*Asks:* 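Handing you a structure now.
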Amino acid sequence: MAQSKVEICNVALGMLGAGPIRDFTEENKRARMCIAFYLPICDSLVARFDWPFARRIAKLQQVVTTEPVPTGWYPYQLPTDCLTPRDLFPEGSQDKWVIMGRLLLCQKSEDVYLRYTSRINESGTFPEPFSGLLAQALAVQLCMPITQDKELYKALGQQYTWSLNEAMENEANIGNEYREADNDPNVELFVTAGGNGGRAWESID
């Protein structure tokens with residue numbers, strides 16, 4: 001069953017031995033900490049890996065910019081929901097691209113499609129394994145402010161790291177696009193753990 005934001009936070013609080021909350025408007029430290037940490041941690045966790053549930057493809061719009069753009073490069077606007085650009089679509093193309101702020105600079109003058117990881121605003125769209133992983137990430141961040149228990153913090157951090165690695169390994173085995181590309185000697189596609197196809201990109205502010 002899909003979990004709401006409050007339910008995910010209550011799973012995290014349960015890992016700390018803390019009482020649950022009914023909603024984020026409660027006048028207590030647990031609710032204040034949950035509302036402060038939930039969105040940043042959720043965005044960070046979604047952004048760090050090529051989760052299938054957060055994959056999107058969008059045709060980019062070329063824009064006019066006051067920033068200096070080298071000859072032969074064209075500026076495109078990143079989608080507003082883009083957390084992490086992954087690769088031009090289809091993967092393995094030879095077109096060079098780089099991220100500059102909220103712009104993508106590319107050597108293609110038209111028909112630029114970007115595969116990216118999207119911000120997910122509704123927790124109900126998370127697969128259950130991801131909801132559990134998010135709860136673990138929240139528990140790690142909430143541990144010291146709520147419990148001041150260093151040993152618990154260390155144990156939760158170790159468990160979260162193990163769960164994250166397992167989840168990324170499982171998700172990376174979904175689909176066959178990378179295996180097909182790896183078997184094609186005419187396609188350059190280096191797949192990193194973050195799933196960004198080995199293309200150069202910078203962090204989004």
Side-chain angles (χ1 to χ4, degrees), residues 1-58 77-86 99 101-102 114-175 193-196 203-205:
M1 179 181 296
Q3 293 179 305
S4 69
K5 297 175 182 178
V6 170
E7 287 171 332
I8 291 172
C9 288
N10 281 336
V11 172
L13 291 169
M15 295 177 187
L16 306 179
I21 60 174
R22 292 185 300 276
D23 57 60
F24 291 133
T25 62
E26 289 183 16
E27 290 297 327
N28 59 61
K29 184 176 183 179
R30 301 187 312 284
R32 290 194 298 272
M33 291 293 97
C34 284
I35 196 170
F37 283 126
Y38 181 88
L39 287 179
I41 293 174
C42 182
D43 278 356
S44 176
L45 185 55
V46 172
R48 72 177 301 169
F49 185 71
D50 184 21
W51 306 105
F53 72 86
R55 286 178 186 162
R56 302 291 185 271
I57 295 174
Q77 187 68 54
L78 288 175
T80 57
D81 63 339
C82 178
L83 286 178
T84 308
R86 297 294 176 185
I99 298 299
R102 292 299 297 178
L114 177 69
R115 185 171 69 81
Y116 65 96
T117 296
S118 171
R119 172 177 286 108
I120 305 296
N121 291 319
E122 296 301 324
S123 61
T125 63
F126 294 148
E128 288 191 21
F130 183 87
S131 295
L133 186 62
L134 177 55
Q136 289 186 49
L138 281 165
V140 173
Q141 295 300 318
L142 292 170
C143 185
M144 291 306 293
I146 291 179
T147 72
Q148 291 83 50
D149 187 331
K150 294 182 179 180
E151 291 301 315
L152 178 59
Y153 173 79
K154 181 179 179 181
L156 289 171
Q158 291 173 340
Q159 178 61 38
Y160 167 69
T161 298
W162 184 88
S163 298
L164 176 62
N165 290 335
E166 182 183 45
M168 291 193 298
E169 181 178 353
N170 291 338
E171 297 291 321
N173 288 324
I174 296 176
N196 71 331
S203 299
I204 301 173
D205 293 334

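Treat the numbers as computed from the prediction; the structure is a model and nothing was measured.
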*Asks:* Distance from L142 atom CG to I146 atom CD1, nearest 0.5 Å?
*Replies:* 4.5 Å
*Asks:* Give a yes or no on whether the backbone of G157 and the side-chain of T161 come within a donor-acceptor separation of less than 3.5 Å.
*Replies:* yes
*Asks:* Within a strict 4.5 Å, meaning less than it, do heavy atoms of the K150 and M144 side chains meet?
*Replies:* yes
*Asks:* Is the side chain of D149 donor-acceptor paired with the backbone N or O of C143 at a distance under 3.5 Å, no angle test?
*Replies:* no
*Asks:* Just wondering, are more than 12 heavy atoms of other shown residues or ligands nearer than 6.0 Å to CD in E151?
*Replies:* no
*Asks:* Report the distance from atom CG of L164 to atom CD of Q159, rounding to the nearest 0.5 Å.
*Replies:* 11.5 Å
*Asks:* Going from CZ on R32 to CD on E26, what distance comes out if it is rounded to the nearest 0.5 angstrom?
*Replies:* 11.0 Å
*Asks:* Does the side chain of Q158 come within less than 4.5 Å of W162's, by heavy atoms?
*Replies:* no
*Asks:* Side-chain contact, heavy-atom cut-off 4.5 Å: D43 with I120?
*Replies:* no
*Asks:* Measuring from atom CZ of R22 to atom CG of N28, what distance do you get when rounded to the nearest 0.5 angstrom?
*Replies:* 8.5 Å
*Asks:* Indicate yes or no: at least one non-hydrogen side-chain atom of F126 is less than 4.5 angstrom from one of C42.
*Replies:* yes
*Asks:* Does Q136 reach the main-chain N or O of L133 with its side chain, forming a donor-acceptor pair under 3.5 Å?
*Replies:* no
*Asks:* Under 4.5 Å between any side-chain heavy atoms of L83 and Y116, yes or no?
*Replies:* no
*Asks:* Taking the side chain as every heavy atom from C-beta outward, state whether R115 and D50 have any atom pair closer than 4.5 Å.
*Replies:* yes
*Asks:* Does K29 use its side chain to pair, donor to acceptor, with the backbone of P145 at less than 3.5 Å?
*Replies:* yes
*Asks:* Between Q141 (side chain only) and I41 (backbone N and O only), is there a donor and an acceptor less than 3.5 Å apart?
*Replies:* no
*Asks:* Counting neighbours of OH on Y153 that are heavy atoms of other residues, nucleotides or ligands and sit closer than 6.0 Å, is the number greater than 12?
*Replies:* no
*Asks:* Using atom types as modelled and distance alone, determine if a side-chain donor or acceptor of R30 lies under 3.5 Å from a backbone N or O of L13.
*Replies:* no
*Asks:* Supply the atom-to-atom distance Q77 CD to C82 SG, rounded to the nearest 0.5 angstrom.
*Replies:* 10.5 Å
*Asks:* For residues W51 and P127, determine if any side-chain heavy atom of one lies less than 4.5 Å from a side-chain heavy atom of the other.
*Replies:* no
*Asks:* Quick check: closest heavy atoms across S118 and R56, and the distance to 0.1 Å?
*Replies:* CB-CG, 3.4 Å
*Asks:* Taking atom types as modelled and ignoring hydrogens, do the side chains of R86 and T117 form a donor-acceptor contact shorter than 3.5 angstrom?
*Replies:* yes
*Asks:* Quick one: does V11's side chain get under 4.5 Å of I8's, heavy atoms only?
*Replies:* no
*Asks:* Could you grab the distance from atom OG of S4 to atom CG of N10, nearest 0.5 Å is fine?
*Replies:* 8.0 Å
